[in-house]
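This report refers to the structure that appears directly beneath it.
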Amino acid sequence: MSASSAPQPVKLSLPLVYQQKLFEELRKEDELVILARGLGLMRLITNLLHSYDAAGNNLIVLVNAEDRENAWIGEALAEHAAISMSPKARGLTVVNTDFTSVGTREKMYAQGGIFSITSRILVVDLLTNLLNPETITGMLVLHADRIVATSLEAFILRIYRQKNKVGFLKAFSDNPDPFTVGFSPLATMMRNLFLRKASLWPRFHVQVAQSLEGRKKAEVIELEVPMTDSMREIQTAIMECVEISIHELKKENTGLEMEDWNLDSALTRNFDRMVRRQLEPNWHRVSWKTKQIAGDLTVLRGMLQSILALDAVSFLQQLDTIHAAHKPAPGTTRQTESPWLFSDAAQTIFETARQRVYSSKQKAGPNSTIESLKPVLEEQPKWAVLADVLEEIDRDLYFEPAVRDDSNGTILIMCADTDTCRQLRDYLQTMHIRPRTAKKVEEVYDPEEDKPSGAFLMRRKLRNYLNWKREFAQVNATLFSENQKALSGAVDPRLPQARGRGGAPANKRRRVRGGGGGVGSNASRHENGSIVQHFEKPNEVADLMSEIQITEDDAGGQAAEEIITFATADPLEDMDDYYQLYDMQDLVVIHAYEGDQDEHVLEEVKPKYIIMYEPDASFIRRVEVYRSSHNDRNVRVYFLYYGGSVEEQRYLSSVRREKDAFTKLIRERASMSIVMTTDSHGVEDPESAFLRTINTRIAGGGKLAKATAQPPRVVVDVREFRSSLPSLLHGRSMVIVPCMLTVGDYILSPNICVERKSVSDLISSFKDGRLYAQCETMFQHYRNPMLLIEFDQNKSFTLEPFADLSGSLRSVNPENAGANDLQSKIVLLTLAFPKLRIIWSSSPYETAEIFERLKALEEEPDPVAAVRAGLGEGESPEDGVNEGKGAVNGGSTFNMEAQEMLGKVPGVTPKNIRNITAEAENVREVANMEVEELGRLVGREAAGKIVEFFKKDVLEDYSG
């Protein structure tokens, strides 16, 4: 189909100049658009789609869209069609379920329209010609920054461009960072996208700045909130622990690139992933301590965020959980803990966090030494500032009536996540409720009593925390006793020095770094120097509970503020008698940042006052776009942030990092040569196509391969399209035939069948016995079955990282040595199947080259015969051919994810799973079946394994 040449009478919602200029560019030519986050990318995409949808004779495919983006685009297209009164507009059709059958998809594609299709379905439909690439008017690719050479989306674009030279192709991204990593990253990315032009639109673009910095600017009030002394002390201590961890990493790994391993980089969002990425190629060689520190960095960086976001009680509860999680697991012989737990800074963190919640006080009496606990309950500083801002807004609304405009007068509070939303909702509902003390009513009125306070909320949180801590202490004591019991009889054969571990002679003393008795004499530390888990004594808890017991006012208090959030409708019939609609001016809406969805929130709520409880650079731009797009809507923004905090540094670094990324892109685009896409507008030379099929390595006495103009063909199981191997095979000029295979994953010839396993899949296949059943079926139908063990190209090419080096008692027991070892299981597999060929591949690239060599002197496979292999009587091979995600048996549709999950269960094989899925409606029904019911479907022995698996008690199995 081709786009209509005549301009369509459509109405667009692009009020700003830079949006209109960008829309005109996109209508004229194909390009990659990189737009700064928050400048309205989704609005631009929906208007562009509507301009094609209104014509009514186009077939547009939307690639790489998320579920929430599909919902928004579908709603926006429906609104545009209603406003433009376009009779030919059909809206968005989402193809993303396992229940859309092949026939239904074929009819939908024939009718045309705009389709958002998941990549796994789309690549199969294009390869099987269910969706003819030549009929596609154009493709729009979202999240272009995620597309790499081996991704499914790059595979889709290659198929599209090979068969369709005239259709348009446009890609979009609002994340410039991935385009600046590596050598010539922009040119490489454009080559993957088959595009030649890049359009960059940062915030400092001239047209963007003119559009957003005109007369219609939003009123922004910055409020720097000082942290409390204890919060600042904890933050400094956590930063010191991060610095200690980075120093230990550098000391343990001297051969790595460590220029960016510093405290400033540790504040970035993906620092721990960057460190892990550098360590992964040598992951099997790094020490256990390094692996532990790499995990500790994630925990410590999460604590930096938690000290600012969580209240004092919730933060202390999180610290207790972290401390317990860093203890050695029950039954392990390894007793070393994280290095940061040995530092003085760690002790500062735990002690200061407790002092924010309660303090110890000596009881009255001349000889009394018993201490009692008194609640402190330090409140978050932002709470009081938020209450002052709301009070200021109320005063403005009362004394200075607002000029009539299109705003609703709603107060919108934006937070980082839903947990913070819940926290603020609870605070605003209870900030005017005061727990009564023994004070008389006749006493002098104190104006301080009427100030908002979080005392009621904090007392309730402390009561819940103490109840949780009591149960937590019991669980901790049980695990500790099990640990000691297991360690008492543990002998590690790998460690000869562990023989005399039971106790040291009296004249020997443990050496402690920093002095002989400094750490040992401290009651808050173990003998090895790590911090002891703190548990309150029962009498201390009783005193503390008496201080915060529930009073009559606490039990009967009602919230003074009404917080209305988006909720589902109440099913009561007499709702009018109990409920009423509030005016928008009376509402306080608390919402979490959700990326592009925030634009939708602003348009729906139309707030007059916006309180940014936590800073977010992209949301500030969305407010700028919102205010500049509406002349009749006044907006005042309150911008709250903790001064001198990690929160402020992260915000400033994110803005600086985005600016630097766009600067690099502008420089690369200026010096970049023309990107040559892979023959996007040409036709392959016939002579080259002929010579490509001739094996030039044939010697004089070798067998002459049949030279034809037909490229080599590989039959691939449709479930294999999750990996990058089909894309790489297609890049080597092989024809990919997707089928629903019962035996094998790749059929290279009538004799060669390959079962592909990643290392993680290989381990799980050994555990449930699935691999033995797969090898048996391959030997039944093929002469040369092969097992391909494929490693990740970014990780080490060795099985050592997957060996059982956990230090558990099972791994060090000589009787079980080798039972859980992967190499031993592979040896047993080769003994069971001596003729099985095992292929070791370091990466998918290597696998593609191996497949090409294996096919050199072989006949081409027959897809129908490959599908028929393993099928029972009465099952038609056509049921499996050309089935992208749907029918497997007799045209019926099954959920493939549920089938694959069921296939992992011991006793379930590729043969008997068909009987189970035909009888049971879902996995729950299978789990509730008895042995007799399953015996009729899969046999007595297999039924026993299935029932045993579902009846197994996970907790008992773990403790045993």
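The residues of the chain are indexed from 1 along the displayed sequence.
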Glu614 side-chain N/O to Asp417 backbone N/O, donor-acceptor pair under 3.5 Å: no
Aromatic ring pairing Trp340/Phe350, orientation class (parallel under 30°, perpendicular over 60°, tilted between): parallel
Distance-only polar pair, side chains of Thr663 and Asp660, donor-acceptor under 3.5 Å: no
Donor-acceptor contact below 3.5 Å, side chain Gln380 vs main chain Leu308: yes
Separation between CE of Met189 and CG of Asp145, rounded to the nearest 0.5 Å: 7.0 Å
Trace of the side-chain contact (heavy atoms from CB on, under 4.5 Å) decision for Ser758 with Glu790: CA-CA 5 Å; Ser758 62; Glu790 187 178 84; 5.7 Å; no
Check: Gln355/Ser230 side-chain N/O donor and acceptor closer than 3.5 Å: no
Flag side-chain contact, heavy atom, 4.5 Å: Thr228 against Glu378: yes
Non-hydrogen atoms of Glu224 and Gly643 that approach each other most closely: OE2-CA, 3.3 Å
Any donor-acceptor N/O pair, Glu240 side chain to Ala345 backbone, under 3.5 Å: no
Gap separating the CD1 atom of Ile246 from the CG atom of Asp296, nearest 0.5 angstrom: 12.0 Å
Derivation of the side-chain contact (heavy atoms from CB on, under 4.5 Å) call for His591 and Cys421: CA-CA 6 Å; His591 202 276; Cys421 292; 5.6 Å; no
pair Phe183-Thr188: side-chain heavy atoms closer than 4.5 Å: no
Expected output: side-chain Gln317 to main-chain Val313 donor-acceptor under 3.5 Å: no
Any side-chain heavy-atom pair of Cys241 and Ile349 under 4.5 Å: yes
Flag, side chain of Lys382 to backbone of Val225, donor-acceptor distance under 3.5 Å: no
Exceeds 12 heavy-atom contacts within 6.0 angstrom, atom NZ of Lys664: no
Those residues that, when tested against Tyr642, pass ring-ring contact (aromatic ring centres under 6.0 Å, His included) (two or more places apart): none
Any donor-acceptor N or O pair under 3.5 Å, side chains Asn175, Ser173: no
From CA spacing to verdict: side-chain contact (heavy atoms from CB on, under 4.5 Å), Ile590, Thr420: CA-CA 9 Å; Ile590 306 176; Thr420 308; over 6 Å; no
Over all atoms of both residues, closest heavy-atom pair of Ile620 and Phe639: CD1-CE1, 3.5 Å
Test item: Arg232 side-chain N/O and Met227 main-chain N/O as donor-acceptor pair under 3.5 Å: yes
More than 12 heavy atoms from other groups under 6.0 Å of NZ on Lys904: yes
Results of ring-ring contact (aromatic ring centres under 6.0 Å, His included) for Phe662 - residues two or more places apart only: none
Sub-6.0 Å ring centroid separation between Tyr358 and Tyr465: no
Residue pair Gln235 / Gly644: nearest heavy atoms and the distance that separates them: NE2-O, 3.4 Å
Verdict with supporting geometry, Ile307 and Val646, side-chain contact (heavy atoms from CB on, under 4.5 Å): CA-CA 10 Å; Ile307 184 60; Val646 174; over 6 Å; no
With Phe619 via ring-ring contact (aromatic ring centres under 6.0 Å, His included) - residues at least two apart: Tyr593
Side-chain heavy-atom pair Ile244, Phe342 within 4.5 angstrom cut-off: no
Minimum side-chain heavy-atom gap Glu648-Tyr651 below 4.5 Å: no
Nearest-0.5 Å distance that lies between atom OG in Ser723 and atom CG in Asp761: 11.0 Å
Val655 side chain near Lys659 side chain, heavy-atom distance below 4.5 Å: no
Under 3.5 Å: donor-acceptor pair, side chain of Arg68, backbone of Glu594: yes
pair Gln423-Trp383: side-chain heavy atoms closer than 4.5 Å: yes
Side chain proximity check, Met231 to Phe315, heavy atoms < 4.5 angstrom: no
Spatial distance of atom OG1 (Thr352) from atom CD1 (Ile234) [nearest 0.5 Å]: 5.5 Å
Shortest non-hydrogen contact from Pro176 toward Asp174: CD-O, 3.8 Å
Asp311 versus Tyr427, side-chain donor and acceptor atoms under 3.5 Å: no
Main-chain N/O of Ile147 paired to Ser151 side chain as donor or acceptor, under 3.5 Å: no
